[in-house]
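Inspection log for the structure reproduced underneath, given as structure tokens.
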Protein chains: 2
Amino acid sequence: MAGGDDKRKDIHSAGIPVLCRACEARHKGVCGALTEDQLVRLSRSTTRKAVSKETPLTSAGEDVTQFSNILGGVVKLSKLLPDGRQQIVGLQFAPDFIGRPFSEQSDLTTEAATTLRICSFPKSALEKMIEEAPDLEHRLHNQALRELDEARDWLLSLGRRSAREKLASFLCLIADHIDPEGSEDTNGIHSAQFELPLKRTDIADFLGLTPETVSRRLTEMRKEGLVEVTQNRYIRIPDIDALRDATSSDG
Amino acid sequence: MAGGDDKRKDIHSAGIPVLCRACEARHKGVCGALTEDQLVRLSRSTTRKAVSKETPLTSAGEDVTQFSNILGGVVKLSKLLPDGRQQIVGLQFAPDFIGRPFSEQSDLTTEAATTLRICSFPKSALEKMIEEAPDLEHRLHNQALRELDEARDWLLSLGRRSAREKLASFLCLIADHIDPEGSEDTNGIHSAQFELPLKRTDIADFLGLTPETVSRRLTEMRKEGLVEVTQNRYIRIPDIDALRDATSSDG
DNA sequence: CGGATCTTTGACCACTCTCAAGTGAAGTGG
DNA sequence: CCACTTCACTTGAGAGTGGTCAAAGATCCG
């Protein structure tokens, strides 16, 4: 979107609020369940904002009054043990919805992994919408089921994969989210490249490892030509199927 | 059922199908969202059955046409790596709902961990009910959110706890489900006892360990008096708070 | 350029796994 | 009722993967 003078045009907008027009959340996210009229009403209590990386969105134990849609960037969800050990239990990408409907409070910490663009609205506004748009709950339900599938996939990785296999799985996961198309060369080999949204300690917290092992296994895979790393953060995977094979010992 | 008026308080029970009257799923489970009339209709396509332990309910990749409510017993959900490594990604107890609504097919295997009593009905019957009873989807949504919370708690355990801590967490989890009250002695010490629904290899598959380490850590805790074990399967936890402390290194 | 932060590397250690044998309980058939 | 099999669990010895601690390189950013 061009940006600039959105607010002025808003007055004359055909029906869909300007802010929502190019928004992924309206197409693939939860807002797709809303009618024009509902979008207009919701957008009155909506604020778009940029969040800089490492900013906590919600902390464990704190009451949540705002929900958000991710417009761009990556959010990490993590849990803490009383002695400080940390585990990242989920990553979310645009146009995911952040927040737990109907909940007391969860012991989950939500934090911007990268700089983030989000669209926030009060919990109450969403809950009101749910009452009049049952399809909205359906979409939220589906997102919950999708997250459940993802969490269970990750349980398999954490419980049963070696450090190397975990790292390979992680890189595939990120590639699938950030560069889902990839590119195909003349031999039919699929490659992918992207900027890593997480630093090594985060990757370690996601994989249930230490940063040292992440680093060691990564250089190992770099030496084998499975991945190319530039400036720590820029990853190229020359052959993503080869990397997928490294995801479990039998292939 | 006896002709008398044992449960007089339930004034509306006149129309409730006999099978549903004493069913936990009607109170705490998803069926609670249904009206008398809907219960009657659903119960026409419903079958109650006993399932003996180790029986697969659904296998990975297979199309699911039946959903069920658990009336009694424990169900394990597991995932497999291509080379055969296995991870149990969830346990379900009465009156949980089994099945994934709206899904293609999941790569999840569902299996009776203990002998089981379930109430099954065709997927289509449930989906029809969802259309007319929005509260039903709400209940399913809530169960999905609860399972998501549980899966994420378990991610923390798998990623960050030691074998000993995992085992302690596991025992607390089972105790909370099977003997939630426990008993309290004169000193205010809470104890619990139950029959383990899983054998050692299952516990290992749940904790991301080998059966040998499960056994070793368990004898260790037995020697310390944290747990008492009879005939491999019968567990008594003399002081459940002490066990909870063993759940992470900092108290 | 200088300092902070992040990442890599090395040496050593510990925990869990692997492989193997041994014990115990439950069920089968003579 | 008792050998005999089977299955589940336990125990031991040794190996390997990942963790810990420490230091040195990179990278980022003012």
Side-chain angles (χ1 to χ4, degrees), chain A residues 52-54 76 81 83-87 113-115 157-171 195-224 227-235 246 248-249, chain B residues 52-54 76 81 83-87 113-115 157-171 195-224 227-235 246 248-249:
Chain A
S52 58
K53 68 170 71 172
E54 309 290 299
K76 55 186 200 205
L81 246 23
D83 60 5
R85 281 174 283 175
Q86 183 171 173
Q87 176 69 40
T114 64
T115 23
S157 291
L158 286 187
R160 290 305 186 198
R161 283 198 234 252
S162 68
R164 181 193 163 91
E165 292 167 336
K166 285 178 181 177
L167 192 53
S169 306
F170 169 73
L171 291 172
E195 181 181 353
L196 262 186
L198 267 48
K199 58 188 179 207
R200 300 289 185 274
T201 55
D202 285 337
I203 299 175
D205 282 343
F206 190 49
L207 301 179
L209 300 170
T210 56
E212 291 92 332
T213 347
V214 171
S215 176
R216 277 188 253 269
R217 294 290 93 82
L218 191 60
T219 43
E220 180 184 293
M221 292 166 70
R222 198 153 28 84
K223 283 175 185 162
E224 295 171 21
V227 293
E228 295 160 18
V229 183
T230 325
Q231 286 175 122
N232 291 335
R233 286 285 195 140
Y234 297 91
I235 303 287
S248 88
S249 60
Chain B
S52 58
K53 68 170 71 171
E54 307 290 301
K76 55 186 199 204
L81 245 23
D83 61 4
R85 281 173 283 175
Q86 185 172 172
Q87 176 68 41
T114 63
T115 25
S157 291
L158 286 187
R160 291 306 186 199
R161 284 197 234 253
S162 68
R164 181 191 163 92
E165 292 167 336
K166 286 177 181 178
L167 192 53
S169 306
F170 169 73
L171 291 171
E195 181 183 351
L196 262 186
L198 266 49
K199 58 187 178 207
R200 299 288 185 275
T201 55
D202 284 337
I203 299 175
D205 283 342
F206 191 48
L207 301 179
L209 300 171
T210 56
E212 291 94 329
T213 11
V214 170
S215 176
R216 277 188 254 269
R217 293 293 92 80
L218 190 60
T219 42
E220 180 184 294
M221 292 165 72
R222 197 154 26 86
K223 283 175 185 161
E224 294 170 22
V227 293
E228 294 160 18
V229 182
T230 326
Q231 286 176 119
N232 291 335
R233 287 283 196 141
Y234 297 91
I235 303 287
S248 87
S249 59

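In what follows, chains are A, B, ... by sequence order, proteins preceding strands, each numbered from 1.
When the nucleotides dT10(D), dC9(D), dT7(C) are ranked by their closest atom to the side chain of Arg233(B), dC9(D) comes out on top.
We find that CZ of Arg216(A) is positioned 16 Å from P of dA23(D), with the value rounded to whole Å. With rounding to whole Å, Glu54(A) atom CD is found 15 Å from dC28(D) atom P. Put simply, CZ on Arg222(B) is 10 Å from C1' on dC9(D), counting in whole angstrom units. Rounded to whole angstrom, the span from the NZ atom of Lys53(A) across to the C1' atom of dC6(C) amounts to 11 Å. In this structure, Tyr234(B) atom OH and dA26(C) atom C1' are separated by 13 Å, rounded to whole Å. Going from atom CE of Met221(B) over to atom P of dT10(D) covers 13 Å, rounded to whole Å. In this structure, the CD atom of Gln231(B) is 11 Å from the C1' atom of dA26(C), given to the nearest Å. Taking atom CG of Asp83(B) as the reference point, atom P of dC17(C) lies 15 Å away to the nearest angstrom.
When each of Gly208(A) and Lys199(B) is assigned the nucleotide of DNA chain D bearing its nearest heavy atom, the one mapping closer to the 5' terminus is Lys199(B).
Phosphate contact (OP1/OP2 of dC17(C), side-chain N/O of Thr210(B), threshold under 4.0 Å): present. A close approach under 4.0 Å does occur between a side-chain nitrogen or oxygen of Thr219(B) and OP1 or OP2 of dT11(D).
The pair Glu220(A)-Lys223(A) does not count as a salt bridge, with every side-chain nitrogen at least 4.0 angstrom from each carboxylate oxygen.
In this structure, Arg217(A) reaches the sugar-phosphate backbone alone: every heavy-atom distance under 4.0 Å involves primed, P, OP1 or OP2 atoms, never a base. Contact annotation for Glu212(A): base contact, defined as any heavy-atom pair under 4.0 Å involving a base atom. Residue-level contact check: Leu218(B) touches neither bases nor backbone, having no heavy atom under 4.0 Å from any strand. If you check every strand for non-hydrogen atoms under 4.0 Å, Thr213(A) touches sugar and phosphate atoms only.
Val229(B) places none of its side-chain heavy atoms less than 4.5 Å from the side chain of Tyr234(B).
Within 3.5 Å, no donor on the side chain of Arg164(A) pairs with an acceptor on the base of dG18(D), nor the reverse. No donor-acceptor contact under 3.5 Å links the side chain of Arg200(A) to the base of dT27(D).
Asp83(A) and Ser249(B) form a side-chain donor-acceptor contact under 3.5 Å, judged by distance and modelled atom types alone. Between the side chains of Ser169(B) and Arg161(B), at least one donor N or O sits under 3.5 Å from an acceptor N or O.
Distance alone, capped at 3.5 Å, is enough to place a donor-acceptor pair between the Gln87(B) side chain and the Phe206(B) backbone.
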